[in-house]
Asks: 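Mind having a look at this structure? Questions to follow.
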Amino acid sequence: MYVCSCFGITEQQVKKHAEDGACTPRQIASACKAGTDCGSCVRRIQAILGRGACPRRELADQGKPVLAEVSGLDALDEAA
Ligand code: FES
């Protein structure tokens with residue numbers, strides 16, 4: 001079932017990104033653009049994240065970095 005029809009993102013895809021460390025709608029948007037067009041899916045994404053799809057959520061809640069080791073963002077920063 002689609003969560004974000006603007007970008008054709010499914011609940012499975014959102015869950016996969018959450019497993020990979022995306023714990024907020026913003027991080028999901030960085031990963032797959034879901035939520036960055038009409039925005040009507042953001043609540044659905046929040047609901048999926050709120051159901052514990054992200055195992056690193058506790059780290060995120062503590063303000064600790066959770067994406068660095070999984071997303072390759074560090075490499076992007078170094079290249080910039
Ligand atoms: S449905 Fe996700 S941005 Fe429009």
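Note that ligands are numbered from 1 as they come in the structure, with each ligand's atoms numbered from 1 the same way.
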Asks: Considering only heavy atoms of S40, which atoms of ligand 1 have at least one such atom less than 4.0 Å away?
Replies: 1 (S)

Asks: Please could you name the atoms of ligand 1 that S5 approaches to less than 4.0 Å, counting only its heavy atoms?
Replies: 1 (S)

Asks: Any N/O/S atom of C38 sitting less than 2.8 Å from atom 2 (Fe) of ligand 1, backbone or side chain?
Replies: no

Asks: Could you walk me through whether I9 and Y2 pass the side-chain contact (heavy atoms from CB on, under 4.5 Å) test, one step at a time?
Replies: CA-CA 6 Å; I9 305 298; Y2 286 115; 5.9 Å; no

Asks: For C4, take its heavy atoms, then give the atoms of ligand 1 lying under 4.0 Å from any of them.
Replies: 1 (S), 2 (Fe), 3 (S)

Asks: Below 4.0 angstrom from a heavy atom of G39, which ligand 1 atoms are there? Numbered from 1 as shown, please.
Replies: 3 (S), 4 (Fe)

Asks: Taking only heavy atoms of C41, which atoms of ligand 1 are found under 4.0 Å from at least one of them?
Replies: 1 (S), 2 (Fe), 3 (S)

Asks: Find the distance between CG (D20) and CD1 (I28) and round it off to the nearest 0.5 Å.
Replies: 9.0 Å

Asks: For the residue pair P25 and L49, establish whether any side-chain heavy-atom pair is separated by less than 4.5 Å.
Replies: yes

Asks: Verify, without hydrogens or angle tests, whether S5 (side chain) and G8 (backbone) share a donor-acceptor contact under 3.5 angstrom.
Replies: no

Asks: Distance check below 2.8 Å: does C6 bring an N, O or S atom to atom 4 (Fe) of ligand 1?
Replies: yes

Asks: Before giving the answer on side-chain hydrogen bond (donor to acceptor under 3.5 Å, both in side chains), spell out for T10 and Q13 the whole-Å C-alpha distance, their side-chain angles and the decisive distance to 0.1 Å.
Replies: CA-CA 5 Å; T10 64; Q13 287 173 288; 3.2 Å; yes

Asks: Could you establish whether A34 and ligand 1 come within less than 4.0 Å of each other, counting only heavy atoms on the residue side?
Replies: no

Asks: Find all atoms of ligand 1 within a distance of less than 4.0 Å from any non-hydrogen atom belonging to D37, and give their numbers and elements.
Replies: 3 (S)

Asks: To the nearest 0.5 Å, tell me how far C32 SG sits from I45 CD1.
Replies: 6.5 Å

Asks: In terms of side-chain geometry, is the basic nitrogen of E11 or K15 positioned less than 4.0 Å from the acidic oxygen of its partner?
Replies: yes

